[in-house]
There are 2 protein chains.
Amino acid sequence: MKTGSNPRSERKQREYEARREEILSAAEGLFSQNGFFKTSMAEIAEAAQFAMGTLYKFFKNKEDIYISLVESKVEEMLHQLEQAVRRAKSADERIREVIRVKLAFADQNRDFFRIYVSEWSGFEWTVKSAFGDGVWKRYLAQIDLVANLIKDGIKSGEFQNVNPKDTSLALHGMLNSTIYVWILKAGPKESLVDKGEWLGNLFLGGLGTKG
Amino acid sequence: MKTGSNPRSERKQREYEARREEILSAAEGLFSQNGFFKTSMAEIAEAAQFAMGTLYKFFKNKEDIYISLVESKVEEMLHQLEQAVRRAKSADERIREVIRVKLAFADQNRDFFRIYVSEWSGFEWTVKSAFGDGVWKRYLAQIDLVANLIKDGIKSGEFQNVNPKDTSLALHGMLNSTIYVWILKAGPKESLVDKGEWLGNLFLGGLGTKG
DNA sequence: CTAAAATATGAATATCCATTCTACAAGATG
DNA sequence: CATCTTGTAGAATGGATATTCATATTTTAG
C-alpha cells in the first residue's frame, strides 16, 4: 500500500532529477564538441560517471537525451525572449531587447548554442523523427514572436512595410551567424553581448548612409 | 612505349570525369535528403547505378565524395560572386548583385544548398577531418569578398562606418536563413530570387522609418 | 580473333556502437 | 536481521554499414 507520505518520495524525485540533469549536462559538452553522431553512449556514460545501462533508466535512448537537452534550453530561451519583449516599450526597443537577450543567452550557453545552431539548419532532417514537435515548434514560436513585434511596429509607423515573418527570419539568421562564428573563434577578449548595439543599428538603420 | 597519342586517353579522361560527375550528382540528392550519416554507400551506388566497389575507384571513401561535392559547388558559387562584384559599379549595387547571385545560385542548386547550409553551421565539426582546408577556406573567401566590398563602400562614404567582416557575416546569415527556410517550404509559387530586392533594401536601408 | 590490361562487381569482412539483459549492491521494510 | 525493492553495473548481443578483395566482364591492341 505505499507509504503515501510525500517527503520521502519527494526526495527520491529530487535525486532522480538531479541525476538526470547530470547526464544532460555531461551530454551537452560532448554533443557540442562532436555532434550527435560522433558521440557514443559509452562516452556519455563515462562523462556522467554512470554505467551505460543506467543511462537507459533515465532516457529512452540516445536521441531522447539529445532532444531533452535541446528542448529544455530552447524553451528557456523562448521564455526569456517573451519577457524581454514585455519589458520594452517601443517597437524599436523591443527589437533591441530581443537581440540583447539572444546574445546574452548564447554567451551563457555556449555549448548548447553550438548544438542549437547546427540543429536549426541541418539536424532537423538528420535526427528528424521526434523533432517536428518539440524543438521546431518552439523555434517557430521565436520567429513568430518577433514577427508579431514587427507587425506592431509597422502599424505604429515605426517600421517600414515589410513582410514580418521574412524579416524576423532574416534577423535570426543575422544573429545566428554572428553567434556561431563568435563561438568558433571563441576569443576570450571579444564580448558577444557588445555586438548587440551595432547589430541593432544595422538591422534597424541599415548599412547605407542615405536615408 | 604507349601509344602516346592524346585523343584516345583524352576520351578516357572525359569518360572518367563523366562517371565521376554521375556519382556526385546521385550523391548530392541523397546527402541533401538524408544528410551525411544517414546516407549509405549502398544507396549511393544504387542511385548512381554502379556497384559499391566501383565507387572506390573514383573516391577514396564516403567523406571524399561528400567533400568533393561541396568543394566544387562552393568554388563555383565563389566564382559567380566574384564576377557579380566586378560587373556592378557602385558599392550599393555590388551588395545587391551579391544578394541576387547567391539567391539565384540557391534557386538553381537546391540540393546542394541544403547540404551547404547545414555544412556551414554544424558539419564543420562533425565531418571535420579534411574540411578546414577546402570548403572552409572558400567559405571565408566569400565573407572576405563582401567584407572588402563593404570596406570600399565605407571609404567612398556610401556606407556607415561598421566592422566590414562582422557586417558581411551578418548579411550571409540573413541570406542563408532566408534561403534555408525557402528550401524547406519549397512552395513552387514563391520565387526566391524575387526576395532579393527587399533583402537588399532591408540590409542597406534598415527596418526603421526614420533615417 | 585472342591474349593482356583495365574496369566493374558485389559478396565477404571487420568494425563500431546502440541497446538489452543478467547479475550485483544499497537501501528500505517489517 | 532477513527479505524485498530499487538502483547500478558492464559484458554480451545484434544490426548496420564502410571498406576490401577475389572474381567476372569489358576494352584494348597485336
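By convention in this document, chain letters (A, B, ...) are assigned in the order of the sequence lines, proteins followed by strands, and residues within each chain are numbered from 1.
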S.K.: Would you mind reading off the distance between K62(B) atom NZ and dT15(C) atom C1', rounded to a whole angstrom?
M.R.: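 Rounded to the whole Å, the gap is 14 Å.
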S.K.: Which nucleotide, dT19(D), dT20(C), dT7(C), lies nearest any side-chain atom of R19(B)?
M.R.: dT7(C)
S.K.: By nearest atom, which of the nucleotides dA12(D), dT8(D), dT19(D) is closest to the F58(A) side chain?
M.R.: dT8(D)
S.K.: Which nucleotide in the list dA12(C), dC17(C), dT8(D) gets nearest to the side chain of T54(A)?
M.R.: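 The closest nucleotide is dT8(D).
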S.K.: Surrounding CD of E17(A) (heavy atoms of other residues, nucleotides or ligands, distance under 6.0 Å), is the total greater than 12?
M.R.: yes
S.K.: Considering only NZ, NE, NH1 and NH2 on the basic side and carboxylate oxygens on the acidic side, decide whether R100(B) and E97(B) come within less than 4.0 Å.
M.R.: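 Salt bridge between R100(B) and E97(B), a charged N being under 4.0 Å from a carboxylate O: yes.
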S.K.: Consider the side chain of F50(B), meaning its heavy atoms from C-beta on, and name the nucleotide among dA18(C), dA18(D), dT9(C) that approaches it most closely.
M.R.: dT9(C)
S.K.: Could you state the CD1-P distance from I44(B) to dG10(C), rounded to the nearest angstrom?
M.R.: 17 Å
S.K.: Please figure out whether K57(A) or T39(A) has its closest DNA chain C nucleotide nearer the 5' end.
M.R.: T39(A)
S.K.: Would you confirm whether K102(B), through its side chain, and M77(B), through its main-chain N or O, come within 3.5 Å as a donor-acceptor pair?
M.R.: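 Not at all, since once roles are kept as given, no pair shorter than 3.5 Å links the two residues.
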S.K.: Choose from dA9(D), dA18(D), dA12(D) the nucleotide whose nearest atom is closest to any side-chain atom of A51(A).
M.R.: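 Among the listed nucleotides, the one closest to the side chain of A51(A) is dA9(D).
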S.K.: Which whole-number value in Å describes the distance from D64(B) CG to dT20(D) P?
M.R.: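 Interatomic distance, CG of D64(B) to P of dT20(D): 13 Å.
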S.K.: Could you tell me how far apart E63(B) (CD) and dA18(D) (P) are, to the nearest whole angstrom?
M.R.: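 The answer, rounded to whole Å, is 12 Å.
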S.K.: Parallel, tilted or perpendicular: which one describes the rings of Y66(B) and F31(B), with boundaries at 30° and 60°?
M.R.: perpendicular
S.K.: Tell me which nucleotide among dC17(C), dT19(C), dA18(D) gets nearest to the side chain of N61(A).
M.R.: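 Selected nucleotide (nearest to the side chain): dT19(C).
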